[in-house]
J.: 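Okay, here's the structure, questions in a sec.
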Amino acid sequence: MLKALSEKDLYEKIVELAVRRGFFWQSYEIYGGVAGFVDLGPLGSILKKNIENKWRQWFILKHQDFIVEIESPAIMPKAVLEASGHLEHFTDPIVECLRCGRKFRADHLIEDAIGKSVEGLTPHQLTEIIKENNIKCPSCSGQLSEVRTFSLLFRTTIGPYSENVGFIRPEAAQGMFVAFKRVYDSMRGRMPLGIGQIGKVGRNEISPRQGVIRLREFTIMEVEFFFDPEKPKCPFISEVENDEIRLITAENKLKGIKEPITVTIKGALEKGYIVNEWLAYFMALAQKFVRELGIPFNKQVFEDKLPHERAHYSSQTFDQLVKVSRWGWIEVAGHSYRGDYDLSRHMGFSGKDLTVYKQFSESQEVLVEEISLNHEVLERSYPEEYRKIVNAFSKRDKNIMLAELKAKGYIELAGKRLGPEFFKIAKVKKVVKGKRFIPHVVEPSFGAERLLYATLEYAYTVKNGRVILRLPRDIAPISLAVFPLVSKEPLVSIAKEIYENFKKEGLRVIYDESGNIGRRYARADEIGVPLAITVDYQTVKDNTVTIRNRDTWEQVRAPIKEAYVKIPEYLRYRLEFKDLGVPLKK
RNA sequence: GCGGCGGUCGUCUAGCCUGGACUAGGACGCCGGCCUUCCACGCCGGCAAUCCCGGGUUCAAAUCCCGGCCGCCGCACCA
């Protein structure tokens with residue numbers, strides 16, 4: 001234990017390197033810092049953009065005819081988060097012990113004490129239950145405070161009126177649900193349709209203490225994928241069906257088994273471990289994407305979340321976990337089946353039609369839910385407003401009213417909130433040429449900063465006492481270093497010219513002539529520059545340079561002209577190092 | 001938010017217990033120069049810390065005391 005405390009762990013080494021070389025550091029340092037916020041430095045911001053671009057390749061560009069990217073605001077009006085359920089569910093009821101000061105989740109505490117579910121009760125009701133049952137602090141038996149709520153949402157106000165409350169979004173998803181109809185229309189009614197977004201989100205964590213791993217403001221990369229629930233098949237599943245993934249199944253978790261099983265995507269679908277093909281497809285892509293960041297398959301696992309562990313909107317969620325040194329398995333992505341929860345809620349709360357229409361090839365008989373008024377109950381309860389209500393009902397869209405009833409538990413007509421008892425819902429057979437439906441949604445959602453950290457951790461290696469960041473060469477923030485062997489003419493001029501030419505090719509390049517060649521290689525290795533070109537005296541004679549491999553320290557010699565063409569190919573993994581030139585004898 | 005421990009150049013650290021000789025020392029790094037024909041070489045010079053912030057005790061505070069901030073560990077929390 002003492003040894004563990006005195007020796008630096010990998011996390012500390014990464015943080016030290018990150019701070020020193022400009023990947024990331026704690027924000028607001030000169031004012032003492034604030035927990036849960038980081039700045040990305042010059043190298044970190046490039047690395048993050050490269051990770052984002054790789055995500056883009058895997059999730060957007062690969063499917064660009066039907067998955068598109070948008071940007072929506074980080075600040076949301078209250079109404080959106082009311083509809084999404086975050087205002088209600090993103091809040092924890094908390095009680096404090098008046099004696100020892102410990103804080104507890106009030107609902108958990110009560111459920112433990114009286115063995116009954118108290119889900120959905122107000123803080124006031126919870127306080128009453130605590131009093132009635134004389135529940136005390138489980139730690140010191142002290143008196144408990146009133147129950148209050150702690151919201152993980154960052155609150156602000158919009159404009160000059162303080163009653164106009166807004167929040168920083170806790171996920172990018174809601175912006176995409178709210179904009180669904182616009183995107184759907186601009187994509188000319190494409191179904192299935194994916195909407196992706198990369199953006200900052202905020203969650204006001206109570207006590208984030210895991211550096212870059214647990215942030216109050218971070219970047220999410222997510223796709224909301226909308227499809228017809230009657231056509232849940234993914235046409236690309238054959239591309240990935242033989243891929244193996246490691247799954248911690250719900251079944252095994254309930255038995256207390258936390259070891260993952262290895263199954264093919266096909267097997268996981270057949271056995272019902274994964275409920276939907278699209279979800280499975282995105283999980284397969286997710287695994288490959290993370291693999292390309294340098295995190296091997298056997299350091300990744302998907303954990304099926306049990307109902308009580310899932311977010312309010314989800315009917316199945318897999319956490320995608322990767323192994324890191326200090327904290328073990330951390331979640332880098334969530335893969336959720338959100339069903340029609342979000343669109344239904346927004347339809348009910350906004351009163352806007354968010355269904356899509358599909359036409360049948362020929363008329364079909366379908367079962368349709370139809371809502372009508374329960375006139376008897378209505379007339380008895382509201383004899384005076386009866387006619388007004390009937391009138392209002394007749395003017396409204398019946399599908400939207402159905403959604404409103406499901407989302408809110410009531411429909412507002414002529415100023416009255418009418419619960420389900422005022423309506424009749426019948427399933428009727430109809431012969432129609434098409435129908436409207438609410439798309440279902442599957443969501444792969446990644447945390448960019450966690451991926452960035454994990455990427456650094458897997459890249460970090462030590463060779464001969466020197467640090468080498470073995471970043472995948474297509475995401476390394478700097479692609480190439482150019483050095484004169486010694487800082488003398490004409491080597492310097494030649495090296496600078498080569499440096500300029502690579503910059504013109506659009507590469508991120510560094511030029512360095514300080515110190516000696518060994519030191520320059522070492523500095524480049526430490527920030528993960530995959531290749532280094534060195535101009536030596538032979539360059540003066542025959543226009544060849546040496547190219548050095550960061551990972552092996554091997555060198556090849558090649559004509560400069562060839563290097564301009566081949567190095568970009570190497571960086572895209574289209575060439576291997578040996579293809580760059582002839583091996584150099586030591 | 002509670003409890004324990006900690007916070008000194010960019011990084012790692014010496015000093016703190018036992019207040020004064022500290023103008024806060026070193027190493028690495030970084031910058032400039034010399035040297036150098038391939039892996040943190042050598043030499044010279046330089047940059048860099050009002051010792052986390054604020055208050056107190058004292059003739060005197062990096063050092064002792066109190067509060068705050070931040071970090072680590074444990075508890076709680078983590079849709």
Side-chain angles (χ1 to χ4, degrees), chain A residues 1 4-5 8-9 11-13 15-22 25-37 81 84-97 99-106 108-109 137-140 145 150-153 170-171 203-211 213-216 305 308-314 317 326 330-331 334 336 463-468 483-488 491 513-526 532-540 545-548 550 553-555 557 584-586:
Chain A
M1 191 63 197
L5 284 175
K8 270 193 201 170
D9 69 4
Y11 171 78
E12 275 177 283
K13 288 177 186 165
V15 170
E16 189 210 304
L17 177 68
V19 170
R20 192 160 43 80
R21 300 307 305 268
W25 53 78
Q26 194 181 24
S27 300
Y28 313 114
E29 270 182 317
I30 65 166
Y31 288 101
V34 183
F37 299 92
L81 293 163
S84 72
H86 283 88
L87 222 48
E88 183 187 343
H89 295 284
F90 213 58
T91 305
D92 294 334
I94 285 184
V95 271
E96 189 173 356
C97 171
R99 189 197 291 173
C100 71
R102 282 177 218 274
K103 293 196 174 181
F104 304 93
R105 276 284 293 268
H108 293 180
L109 191 70
C137 171
S139 177
C140 76
S145 71
F150 180 80
S151 176
L152 265 26
L153 294 170
E171 55 171 11
R203 301 177 182 187
N204 199 3
E205 303 285 352
I206 297 170
S207 176
R209 288 198 296 196
Q210 291 160 295
I213 300 298
R214 188 141 161 246
L215 297 171
R216 288 184 166 125
K305 305 307 277 183
H308 70 274
E309 299 171 323
R310 288 198 294 257
H312 57 274
Y313 48 69
S314 167
T317 294
R326 182 179 284 191
I330 60 162
E331 181 192 345
S336 295
K463 181 174 181 176
N464 297 359
R466 286 171 24 179
V467 173
I468 306 178
F483 308 134
L485 181 59
V486 291
S487 47
K488 283 193 171 161
L491 305 189
E513 58 171 76
S514 81
N516 61 65
I517 191 71
R519 179 179 299 249
R520 301 195 293 247
Y521 286 144
R523 278 197 287 248
D525 286 346
E526 197 183 37
I533 282 183
T534 300
V535 171
D536 58 15
Y537 286 100
Q538 197 174 328
T539 312
V540 183
V545 290
T546 66
I547 306 171
R548 172 185 178 272
R550 172 196 69 198
W553 298 357
E554 289 169 319
Q555 287 182 295
R557 181 170 284 281
L584 195 75
K585 293 252 160 55
K586 285 217 165 179

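We name chains A, B, ... by the order of the sequence lines, and we start the count at 1 in each one.
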J.: Figure out the CD/C1' separation between A:Q555 and B:C39, and round it to whole Å.
T.: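 Value for this atom pair: 8 Å.
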J.: Quote, to the nearest angstrom, the C1' distance that separates B:A21 from B:C9.
T.: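 Result for the C1' pair: 23 Å, nearest Å.
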J.: Can you measure A:W25 atom CH2 to B:C70 atom P for me and round it to whole angstrom units?
T.: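 So the CH2-P distance, A:W25 to B:C70, works out to 20 Å.
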J.: Taking atom P in both B:A60 and B:C72, what distance in whole Å separates the two?
T.: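 The same atom, P, in both gives a distance of 37 Å.
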J.: Is A:E29 side chain donor-acceptor paired with the B:C70 base, going by distance under 3.5 Å alone?
T.: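 There is none.
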J.: Of the options B:G71, B:C12, B:C39, whose atoms approach the side-chain atoms of A:Q26 most closely?
T.: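 The answer is B:G71, which lies nearest to the side chain.
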J.: P atom, B:C5 versus B:C77: distance in rounded Å?
T.: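 After rounding to an integer number of Å, I get 24 Å for this pair.
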J.: Which nucleotide, in any strand shown, forms a Watson-Crick or G-U wobble pair with B:C28, with both distances under 3.5 Å?
T.: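 Pairing partner, where one exists within any strand: B:G10.
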J.: Taking B:G4 as the reference, what is the distance to B:A27 when you measure between their P atoms (whole Å, please)?
T.: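 One P to the other, the span is 39 Å.
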J.: With RNA chain B as reference, determine whether A:V19 or A:R214 sits nearer its 5' end, using the nearest nucleotide of each.
T.: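 Its nearest nucleotide lies further toward 5', so the answer is A:V19.
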J.: Using 30° and 60° as the class limits, which term best fits the ring planes of A:Y313 and A:H86: parallel, tilted or perpendicular?
T.: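 Correct class here is tilted.
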J.: Below 3.5 Å between N/O atoms, which protein atoms pair up with nucleotides 40-42 of chain B? Just atom names and distances, please.
T.:
from: B:C41; atom 1: OP1; to: A:R519; atom 2: NH2; distance (Å): 2.7
from: B:C41; atom 1: OP2; to: A:N516; atom 2: OD1; distance (Å): 3.4
from: B:C41; atom 1: OP2; to: A:N516; atom 2: ND2; distance (Å): 2.6

J.: Among B:C31, B:U36, B:C72, find the nucleotide with the atom closest to the side chain of A:V486.
T.: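 Of all the options, the side chain of A:V486 is nearest to B:U36.
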J.: P atom, B:A49 versus B:G26: distance in rounded Å?
T.: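 Between the two P atoms, the distance is 14 Å.
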J.: Quantified in whole Å, what is the C1' atom distance between nucleotide B:G19 and nucleotide B:C65?
T.: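 13 Å, rounded to whole Å.
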J.: For a quick test of reading the model, state the closest non-hydrogen atom pair linking A:L485 to A:D536 and the distance between them.
T.: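 Heavy-atom minimum between the residues: CD2-CB, 3.8 Å.
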J.: Please report, rounded to the nearest Å, how far the C1' atom of B:U37 is from the CD atom of A:E513.
T.: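 Taking CD of A:E513 and C1' of B:U37, I get 16 Å after rounding.
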J.: Between B:U36, B:C72, B:C38, spot the one nearest the side chain of A:Y521, thanks.
T.: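 The answer is B:C38, which lies nearest to the side chain.
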J.: Let's test your reading of the model: under 3.5 Å, does the base of B:C38 pair with the side chain of A:R548 as donor and acceptor?
T.: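 Side chain to base: no pair below 3.5 Å.
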J.: Round to a whole Å and report the spacing from CG of A:N204 to C1' of B:G1.
T.: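 Value for this atom pair: 13 Å.
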J.: Between A:H89 (side chain) and A:S84 (backbone), is there a donor-acceptor pair under 3.5 Å?
T.: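 Answer holds: no.
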J.: Roughly how many Å is it from NZ in A:K488 to P in B:C34, rounded to a whole number?
T.: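 Spelled out: NZ on A:K488 to P on B:C34 is 10 Å.
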J.: Which base, if any, makes a Watson-Crick or G-U wobble pair with B:C72, both distances under 3.5 Å?
T.: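 Partner of B:C72: B:G4.
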J.: To the nearest angstrom, how far is A:I533 atom CD1 from B:C38 atom P?
T.: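 Taking CD1 of A:I533 and P of B:C38, I get 19 Å after rounding.
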J.: Which residue, A:T546 or A:S514, contacts RNA chain B at a nucleotide closer to its 5' end, judged by nearest heavy atom?
T.: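 Result: A:S514.
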J.: Scan every strand shown for a Watson-Crick or G-U wobble partner of B:C22, both distances under 3.5 Å, and answer none if you come up empty.
T.: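 Base-paired to nothing in any strand shown.
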J.: How close or far is atom C1' of B:U36 from atom CZ of A:F483, stated in whole angstroms?
T.: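 A:F483 atom CZ is separated from B:U36 atom C1' by 16 Å.
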J.: A:R520: which residues meet the side chain to side chain donor-acceptor pair (under 3.5 Å) condition with it, sequence neighbours left out?
T.: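 For A:R520, no residue satisfies side chain to side chain donor-acceptor pair (under 3.5 Å) once neighbours in sequence are set aside.
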J.: Quickly work out the A:E16 CD to B:A27 P distance and round it to whole Å.
T.: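 Distance check: A:E16 CD to B:A27 P gives 18 Å.
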J.: Work out how far the P atom of B:G6 is from that of B:C17, and round it to whole angstrom.
T.: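 Straight-line distance between the two P atoms is 14 Å.
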J.: Between A:Y537 and A:V486, is the side-chain contact (heavy atoms from CB on, under 4.5 Å) condition met? List the steps.
T.: CA-CA 9 Å; A:Y537 286 100; A:V486 291; 3.7 Å; yes
J.: Considering only atom P, compute the distance from B:G15 to B:C34 and round it to an integer number of Å.
T.: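 Rounded to whole Å, the distance is 40 Å.
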J.: Just do the side-chain contact (heavy atoms from CB on, under 4.5 Å) check on A:R548 and A:T534 with the steps written out, would you?
T.: CA-CA 8 Å; A:R548 172 185 178 272; A:T534 300; 5.8 Å; no
J.: For the side chain of A:R216 and the backbone of A:A35, is there at least one donor-acceptor N/O pair under 3.5 Å apart?
T.: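 Pair found, side chain donor or acceptor close to backbone of A:A35.
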J.: Partner lookup for B:G67, please. Criteria are Watson-Crick or G-U wobble with both distances under 3.5 angstrom; report none if nothing qualifies.
T.: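 For B:G67, the partner nucleotide comes out as B:C53, under the 3.5 Å rule.
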